[in-house]
Amino acid sequence: MNDVSILGLGAMGRALAGALIHAGREVTVWNRTPGRASGLGAREASSVEEAIEAGGLTVVCLLDDASVRETLAPVARELAGADLVNLTSGSARQARELAGWLEGHGARPLAGGIMAVPPTVGTDGAFILYSGERDLFDRAAPVLAPLGRPHWVGADPGFAALYDMAALSGMYGMSAGADHAVTLVQAEGGDVETFRREVLQPWMEQMLPFMVAGADVSETVPEEYNPAMQAAGLRTMLAASDEAGVPADLAGHLRASLWRMRRAAA
């Protein structure tokens with residue numbers, strides 16, 4: 001398995017290949033557009049079949065589920081016996097269906113979700129979620145460890161994608177809140193850079209543990225958060241946003257939170 005093939009050389013695929021090469025792995029790469037491996041230090045395969053045959057472990061990192069199927073369907077007969085790790089973002093349903101399709105062609109699939117952006121691949125903070133057969137994970141994890149800490153989340157091949165999408169939704173929710181906050185300060189003529197550096201970042205860092213701990217999959221709100229008080233605060237934030245002329249779409253996260261508080265208080 002120390003020979004790894006990577007299908008896809010977008011920004012993430014190049015980062016994955018670079019981290020593995022840096023760790024001493026023998027890496028073969030394939031990309032739909034030839035020539036993308038220049039300067040990487042990997043061997044470039046001329047076809048998907050050649051790449052799969054070259055690696056003891058094949059990692060797929062493409063745009064989406066449709067791209068994965070378009071790439072692998074023509075070489076379905078060559079998949080028998082292949083250990084294949086799909087690190088392409090997708091839904092839990094897509095991951096389960098792809099795993100079933102791969103198994104039907106004799107491949108051993110492992111699904112994954114990358115908890116990193118290209119510049120942080122291979123750093124201490126990066127980790128990758130995996131789901132599928134535990135024995136395959138145990139064999140593949142030491143090989144793929146240079147990419148980020150391997151974390152198995154269950155035998156269900158859909159769980160890595162599920163946790164990946166859920167974590168990303170949390171991140172984008174925070175990003176939406178930060179965008180709204182900066183736009184509000186800018187609209188009222190505040191010093192945006194000072195606000196980012198001295199107020200927003202330290203405040204979000206302080207509150208992050210509470211936000212994660214307070215997230216509840218039920219329709220209730222943790223006891224320490226008085227729903228009526230929270231709703232009043234959210235109405236004030238929305239009013240301030242409207243007064244500053246911030247586009248209503250940017251305050252969508254506040255309206256969603258207000259709806260949740262109203263349900264909890266009912």
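Starting from 1, each residue takes its place in the sequence as its number.
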Parallel, tilted or perpendicular, as decided by the 30° and 60° cut-offs, for the rings of F137 and Y130: tilted
H105 and W101 aromatic ring geometry - parallel, tilted or perpendicular at 30°/60° bounds: tilted
From CA spacing to verdict: side chain to side chain contact (heavy atoms under 4.5 Å, CB included), M261, L234: CA-CA 9 Å; M261 293 300 167; L234 286 162; 3.8 Å; yes
Taking all non-hydrogen atoms of both residues, which atom of [X] and which atom of [Y] are closest, and how far apart?
X    : Y    : answer
E188 : A244 : OE2-CB, 3.6 Å
L9   : R14  : O-CG, 3.7 Å
A126 : A116 : CB-CB, 3.7 Å
E44  : R36  : OE2-N, 3.9 Å
V60  : N86  : O-OD1, 3.6 Å
T88  : C61  : OG1-CA, 3.6 Å

Out of curiosity, does [Y] fall in the hydrophobic cluster containing [X] (side-chain heavy atoms, cut-off under 4.5 Å, transitive links)?
X    : Y    : answer
V68  : I52  : yes
L110 : I114 : yes
L87  : L40  : yes
L16  : V143 : yes
V85  : I128 : yes

Measure the [atom1]-[atom2] distance between [X] and [Y] for me, rounded to the nearest 0.5 Å.
X    : Y    : atom1 : atom2 : answer
R262 : Q230 : CZ    : CD    : 14.0 Å
L62  : L7   : CG    : CG    : 6.5 Å
T236 : E243 : OG1   : CD    : 9.5 Å
L147 : L20  : CG    : CG    : 4.5 Å
L84  : E103 : CG    : CD    : 11.5 Å
R255 : R235 : CZ    : CZ    : 13.0 Å

Residue D135 excluded, over 12 heavy atoms near CG under 6.0 Å: yes
Exceeds 12 heavy-atom contacts within 6.0 angstrom, atom CD of E26: no
Under 3.5 Å donor-acceptor, [X] side chain and [Y] backbone:
X    : Y    : answer
S5   : T58  : no
D64  : S67  : yes
S169 : A166 : yes
R108 : G81  : yes
T183 : D179 : yes
S241 : M237 : no
T123 : T120 : yes

Sidechain N-carboxylate O distance under 4.0 Å for E97, R93: yes
Just wondering, do [Y] and [X] contact through their side chains at under 4.5 Å, heavy atoms?
X    : Y    : answer
S89  : D164 : yes
D3   : R25  : no
M174 : L208 : yes
F127 : L129 : yes
L144 : V59  : yes

Full working for side chain to side chain contact (heavy atoms under 4.5 Å, CB included) between L200 and V182: CA-CA 9 Å; L200 184 60; V182 169; 4.1 Å; yes
R32 and E70: CA distance, side-chain angles, deciding distance, side chain to side chain contact (heavy atoms under 4.5 Å, CB included) verdict: CA-CA 11 Å; R32 190 182 303 274; E70 289 171 6; 4.3 Å; yes
Other ILVMFWY residues reachable from L184 by side-chain steps of under 4.5 Å: V246, L250
E50 and S46: side chain donor to acceptor below 3.5 Å: yes
Pairs meeting criterion side chain to side chain donor-acceptor pair (under 3.5 Å) with involvement of residues 136-162, two or more places apart: R96-D156, R134-D138
From CA spacing to verdict: side chain to side chain contact (heavy atoms under 4.5 Å, CB included), V185, V199: CA-CA 11 Å; V185 169; V199 180; over 6 Å; no
